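Predicted, not measured: the structure shown is a model, and the values here were computed from it. Residue numbers begin at 1 in each chain, while the letters A, B, ... track the order of the sequences.
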Amino acid sequence: MKSVANPFRLSRHLSTSPQLLKTPQEVVAITEDFCGQILDKHPDVRTLKRLHSKIIFERRLRSNPSIGIKLMRAYAACGQPRISHHVFDEVTGKNVVVFNVLIRSYVNNQFYQDALLVYRSMSSYNINPDHYTFPCVLKACSVTENWWVGTQIHSAVIKVGLDSNLFVGNGLVAMYGKCGCLVEARKVLDEMPQRDVVSWNSMVAGYARSGRFDDALGVCRKMESLSVKPNAGTMASLLPAVTNTAADNVWYVKELFMKLDNDSVVSWNVMIAVYVNNSLPALAVELYLEMEARGIEPDAISIASVLPACGDLSALVLGRRIHEYVERKRLRPNLLLENALIDVYAKCGCLRGAREVFDGMQCRDVVSWTSLISAYGMNGQGRNAVALFSKMQDSGLTPDLIAFVSILSACSHAGLLDEGRYFYKLMTQKYRLVPRLEHFACMVDLLGRAGQVDEAYNFIKQMPMEPNDRIWGALLSACRVYSNMDIGLIAADHLFQLVPEQAGYYVLLSNIYAKAGRWEDVTTIRSIMKGRGIKKMPGVSNVEFNHRVYTFLAGDQSHPQSKEIYEELDVLVGKMKEMGYVPETDSALHDVEEEDKENHLAVHSEKLAIVFAIINTEPGTPIRITKNLRVCGDCHIAIKLISKIAEREIIVRDTNRFHHFQNGVCSCDDYW
DNA sequence: ATAGGGTTAG
C-alpha cells in the first residue's frame with residue numbers, strides 16, 4: 001500500500017489545513033492513484049467538493065477522463081447527479097463510457113427524464129450507445145412506463161444489432177412488461193438467443209403486475225422446466241400475482257420458498273407478504289418468528305410487512321416487541337414503517353401507542369393521518385377523528401379517497417350524522433373526488449345507524465352504480481335496529497340474489513321477523529337455509545397470552561383449562577344475575593347477531609376467551625379480544641358487567657370496531 | 001449493467 005486511501009484522513013487534513021488550498025503552488029501534489037482510491041470509496045459531499053477543487057487546480061488530473069468518471073460516480077452516489085453533469089461538461093474528448101456514467105448518475109437518482117435527454121444528445125456527439133447504455137435507458141423507460149421512448153430505443157437496439165445481448169434483452173423484456181405490452185415482452189423473451197434468471201423474472205413481473213396470475217405462474221413453471229433455478233427475485237416478481245388468490249397459488253410460492261437455497265431476507269419478506277395478502281396473518285407471524293429464530297435479521301421491509309398481520313391478530317405484545325426492535329436497530333425514521341406501527345397499535349385498540357408513534361414522526365403523509373383517524377374512528381372517538389381531519393387539512397395535505405372512507409366511517413360509528421354529511425359534501429364538492437362503493441356504503445351505514453332508514457334507501461336508489469352486498473347489508477342492519485320490515489325485505493331480497501351463500505343476512509332477516517313476532521317466517525328462513533345448505537360462520541375469538549394467540553370457538557370445550565373456564569364463568573354469571581342480568585336465552589332473539597344458531601345454548605367465544613384471560617393473567621391486566629363476527633347484544637351486556645365485577649378493562653375488537661369495556665360501561669355508549 | 005420485497009379503509 002503506497003498511498004493513503006482513507007477519505008476521513010483526507011478530509012481532516014483538508015479541514016485543519018485550509019491554507020493548503022489557498023494557492024495552487026502550495027497544494028501538495030496528489031497522484032491519480034490517490035484520487036481514484038478516495039473517489040471509489042464514495043466520500044461524503046463535503047470531502048468530495050474539497051477533493052474536486054484540488055483536482056481542478058491540478059491540470060494533469062483535470063484533463064484525466066478516468067478521474068472525471070470517478071468524480072461523476074462519486075457525486076451520483078451522494079445524490080448529486082447535477083454536479084456529475086457539470087463534471088461531464090468539463091470532460092474533453094467524451095467517449096461512450098462518459099455518457100454511460102452520466103446517464104447512470106441520473107437513473108440511479110430517479111432523474112429519468114434527464115437520463116433520456118442525455119441519451120438523445122449522444123447522436124449530436126456522434127457517439128453510439130452500447131450494451132451498457134441500453135439497459136440503463138430502458139430502465140428509465142420502465143420506471144416511468146414510457147412506452148413511446150421505449151419502442152424507439154428498441155428500434156435503435158435492432159439497428160446496431162444489440163438485440164442479441166443478454167442485458168439489453170432483459171431490459172427490453174422489463175420495459176415492455178412494465179408498460180403492459182405483454183405480447184411484445186414475451187416476443188422479445190422468446191427470441192432471445194440466451195436467457196438468464198433475470199430474463200424470466202422480468203417476464204414473471206410483467207404478467208404479475210398486470211394481474212395475469214396464471215401466466216405469471218406459467219412462466220415460473222416454464223423456467224423451472226428449463227432448469228433455471230428461481231431465486232428470491234422470482235418470488236418478489238410473483239408477489240403482485242398472489243394477493244387474494246387461490247390457496248394453491250399460495251402453496252406454490254411456499255414451495256418455491258422452500259426450494260431456494262439462498263437465505264436472502266427478500267425471500268422471507270415476500271413469503272410474509274404473500275401470507276398477509278392472502279388473509280393468513282397467523283402464518284405470516286409464524287414465519288417472521290422463524291426468521292428471527294434462524295438468525296436472519298429482519299429489515300425495515302420485513303417489519304412493515306409483518307406488522308399488518310400482528311394488527312389482524314391483535315398481537316399487541318409482539319407488536320410492541322417489534323417496535324422495540326425498530327428503536328434498537330434505529331430503523332426510524334422510515335415513513336412506511338412508522339405508518340405500519342401506527343396501524344398495529346390502532347388495530348390492537350391501543351390508541352395511546354398509535355398516538356405516540358404519530359407524535360414522534362419527523363414527517364407524516366396522508367397515510368399517517370388516515371391511520372390515526374381510523375384508529376379514533378374504530379374506537380368510537382368520532383369527534384377526535386373529525387378534529388384530526390381538520391388538522392391534516394391545515395398541515396397542507398390533500399385527503400384522498402381512503403382518508404374519506406376513514407372519516408365517514410368514524411362519523412358513522414360515533415353517530416355524527418351532520419358531520420358525516422358535511423364530509424361527503426367536502427369530498428365531492430371541494431375536492432371533486434368521485435365517491436366509490438365504499439363511500440356509499442359508509443353513507444348508508446351513517447344514515448341507517450342514525451335511524452334515517454328511508455333516507456338511506458333513497459340514497460342507494462340515486463347511486464350511479466350498482467350497489468353491492470355491503471351496501472344492502474348496511475341497510476338491512478339498520479332495518480333490524482329500527483324494526484323496518486318493508487325496507488328490510490327489499491334489502492334482503494337484493495342480498496339473497498347477490499350473495500345467496502352468506503348466512504349472516506338470513507340471520508339478520510330472521511331477527512327482524514322475530515322482533516315482529518312473525519315466528520312462521522323465522523321458521524321458513526331457517527328451513528330455506530337448511531335446504532340451501534347454508535352454514536353460518538362459526539364464532540371465533542382470539543386472545544393473546546404468554547406470547548401466543550389462543551383461539552376459542554363458540555361452545556369450545558377443547559382447551560385444557562376448559563373445566564376451570566366454565567366453572568369460573570358460572571360464578572361470574574351468578575354475580576351478574578345479582579346485578580340484574582337476564583341472559584337472552586330466547587331461542588330466536590338470542591343470536592341477534594351472526595353467531596351460529598346451532599350453538600345458541602353454547603357459550604359465545606368471547607365470553608370463553610375473556611374468562612380464560614381472567615384466570616390466567618394478573619388482576620388488573622387489560623384483556624384484549626378479537627372476534628370474527630360482531631358482538632351480540634347479550635355478550636355486550638354481559639361484558640359490561642364482567643368488566644365491573646372482575647375490575648378489568650376489556651377491549652373487544654369485532655368485525656367493525658372496538659368496544660372498550662370498563663367499570664360497567666362501553667365506549668360505544670351502546671351505539672353500534 | 002438488467003428484475004425483484006413495505007404502510008392507510010371496507
Does A:Asn100 reach a base, just sugar-phosphate, or nothing at all? Heavy atoms under 4.0 Å. nothing
Counting side-chain heavy atoms from C-beta on, which of B:dA9, B:dG4, B:dT7 comes nearest to A:Ser406? B:dA9
Distance check needed: B:dA1 C1' versus A:Arg104 CZ, whole Å only. 5 Å
Partner set under salt bridge (charged side-chain N to carboxylate O under 4.0 Å, His left out) for A:Glu297, not counting sequence neighbours: A:Lys329
Parallel, tilted or perpendicular: which fits the ring planes of A:Phe459 and A:Tyr424, with parallel below 30° and perpendicular above 60°? perpendicular
So A:Ala205, base contact, sugar-phosphate only, or nothing? Heavy-atom distance under 4.0 Å. sugar-phosphate
Base, sugar-phosphate, or nothing for A:Leu437, non-hydrogen atoms under 4.0 angstrom? nothing
For a quick test of reading the model: is some side-chain N or O of A:Lys139 closer than 4.0 Å to OP1 or OP2 of B:dA1? no
Scan residues 381-391 of chain A for pairs that pass salt bridge (charged side-chain N to carboxylate O under 4.0 Å, His left out), counting only residues two or more places apart or in two chains. A:Arg383-A:Glu419
For the side chain of A:Ser202, starting at C-beta, report the closest nucleotide among B:dA9, B:dA1, B:dA3. B:dA3
So what does A:Ile402 hit on the nucleic acid, given a heavy-atom distance under 4.0 Å: a base, only sugar-phosphate, or nothing? base
Given B:dG6, B:dA9, B:dG4, which nucleotide is nearest the side-chain atoms of A:Asp343? B:dA9
In residues 188-198 of chain A, which residues come under 4.0 Å of DNA chain B by heavy atom? A:Val198
For the side chain of A:Leu336, counting heavy atoms from C-beta on, which of B:dA9, B:dG6, B:dA3 is nearest? B:dG6
Calculate the interatomic distance between A:Met291 atom CE and B:dG6 atom C1'; express it in whole Å. 13 Å
From the candidates B:dA3, B:dT8, B:dT2, the one with an atom nearest any side-chain atom of A:Pro135 is B:dT2
Is A:Ala304 touching bases, backbone alone, or none of the nucleic acid, heavy atoms closer than 4.0 Å? base
Rounded to whole Å, CG of A:Asp312 lies from P of B:dT7 at a distance of 12 Å
Closest nucleotide among B:dA3, B:dA1, B:dT7 to the A:His131 side chain: B:dA1
Which residues pass the salt bridge (charged side-chain N to carboxylate O under 4.0 Å, His left out) test with A:Asp394, not counting sequence neighbours? none
Hey, does A:Ala403 reach any base, or is it just sugar-phosphate, or nothing, if we go heavy atoms under 4.0 Å? nothing
What is the distance, to the nearest angstrom, from the CZ atom on A:Arg186 to the P atom on B:dA3? 19 Å
Grab the CG-C1' distance between A:Asn334 and B:dT7 for me, whole Å please. 9 Å
Determine the interplanar angle of the A:Phe389 and A:Phe404 rings, folded into 0 to 90°, and report it as parallel if under 30°, tilted if 30 to 60°, perpendicular if over 60°. tilted
Once you round it to whole Å, what is the distance between P of B:dA1 and CG of A:Leu102? 17 Å
Could you go step by step and tell me if A:Val306 and A:Ile322 meet the side-chain contact (heavy atoms from CB on, under 4.5 Å) rule? CA-CA 10 Å; A:Val306 79; A:Ile322 292 177; 3.8 Å; yes
Run the side chain to side chain donor-acceptor pair (under 3.5 Å) test against A:Tyr431 and tell me which residues pass, sequence neighbours left out. A:Gln393
A:Val405 has its side chain closest, among B:dT8, B:dG4, B:dA9, to B:dA9
Out of B:dT8, B:dG6, B:dA3, whichever nucleotide has its closest atom nearest the side chain of A:Ala174: B:dA3
Plane angle bin for A:Trp472 and A:His494 - parallel if under 30°, tilted between 30 and 60°, otherwise perpendicular: parallel
According to side chain to side chain donor-acceptor pair (under 3.5 Å), does anything in residues 399-410 of chain A pair up with another residue at least two apart or in another chain? List the pairs. none
When all nucleic acid strands are considered with a 4.0 Å heavy-atom cut-off, which category describes A:Val168: base, sugar-phosphate, or nothing? nothing
Residues from residues 357-385 of chain A lying under 4.0 Å of DNA chain B - heavy atoms: A:Val367, A:Thr370, A:Ser371, A:Ser374
Applying side chain to side chain donor-acceptor pair (under 3.5 Å) to A:Lys139 and not counting sequence neighbours gives none
Whole-Å distance between B:dA3 P and A:Lys178 NZ? 8 Å
With A:Ser368, which residues qualify under side chain to side chain donor-acceptor pair (under 3.5 Å), at least two apart? A:Asn339, A:Asp365
Specify the separation, in whole Å, of atom CE of A:Met271 and atom P of B:dG6. 14 Å
